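A short write-up of the structure that comes next.
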Amino acid sequence: MEEKVLSILKEIRPEFDFEESDNFVEDGYLDSFDIVTLVSELETAFDVVIDGLDVLPENFETVQDICNMVNKSREEK
């Protein structure tokens with residue numbers, strides 16, 4: 001899952017090295033538009049529906065945070 005998330009992130013913002021960042025939001029790698037795009041891509045890639053209440057900056061700080069959010073959405077499905 002982590003590789004797929006990383007691949008999606010690189011498609012959205014190819015100019016950034018997401019493997020080097022400890023906090024994508026704080027480092028300016030992802031803005032609100034990028035997060036909306038990312039949510040849509042994640043929902044398609046993993047066949048989940050991400051709850052709007054989960055679209056918080058802290059859920060998009062690292063690849064692991066994003067994977068945790070996707071897994072939570074899978075459990076709620």
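Model, not experiment: these values are computed from the prediction.
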Could you pull out every donor-acceptor pair under 3.5 Å between side chains of residues 36-46 and any protein atom, sequence neighbours left out?
| from | atom 1 | to | atom 2 | distance (Å) |
| --- | --- | --- | --- | --- |
| Thr37 | OG1 | Phe33 | O | 3.1 |
| Glu43 | OE2 | Ile50 | N | 2.8 |
| Thr44 | OG1 | Ser40 | O | 3.1 |

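A heavy-atom distance below 4.5 Å is found between the side chains of Glu19 and Lys10.
Other residues, nucleotides and ligands place no more than 12 heavy atoms under 6.0 Å from the CG atom of Asp22.
In summary, the side chains of Asn68 and Gln64 do present a donor paired with an acceptor at a separation below 3.5 Å, with no hydrogens or angles considered.
Interatomic distance, Phe60 CZ to Asp54 CG, rounded to the nearest 0.5 Å: 8.0 Å. Atom OG1 in Thr62 sits 8.5 Å away from atom CD in Glu2 (nearest 0.5 Å). For the atom pair Leu6 CG and Glu11 CD, the distance stands at 11.0 Å (nearest 0.5 Å). Atom-to-atom distance recorded for Lys72:NZ and Asp51:CG is 6.5 Å, nearest 0.5 angstrom.
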Q) Could you walk me through whether Leu9 and Leu30 pass the side-chain contact (heavy atoms from CB on, under 4.5 Å) check? A) CA-CA 9 Å; Leu9 288 167; Leu30 296 175; 4.1 Å; yes

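With sequence neighbours left out, the side chain to side chain contact (heavy atoms under 4.5 Å, CB included) criterion links Tyr29 to Phe16, Phe18, Ser21, Phe24, Asp27. With sequence neighbours left out, Asp34 forms a salt bridge (charged side-chain N to carboxylate O under 4.0 Å, His left out) with Arg13.
The hydrophobic clustering, which links ILVMFWY residues whose side-chain heavy atoms are closer than 4.5 Å, places Ile66 and Met1 together.
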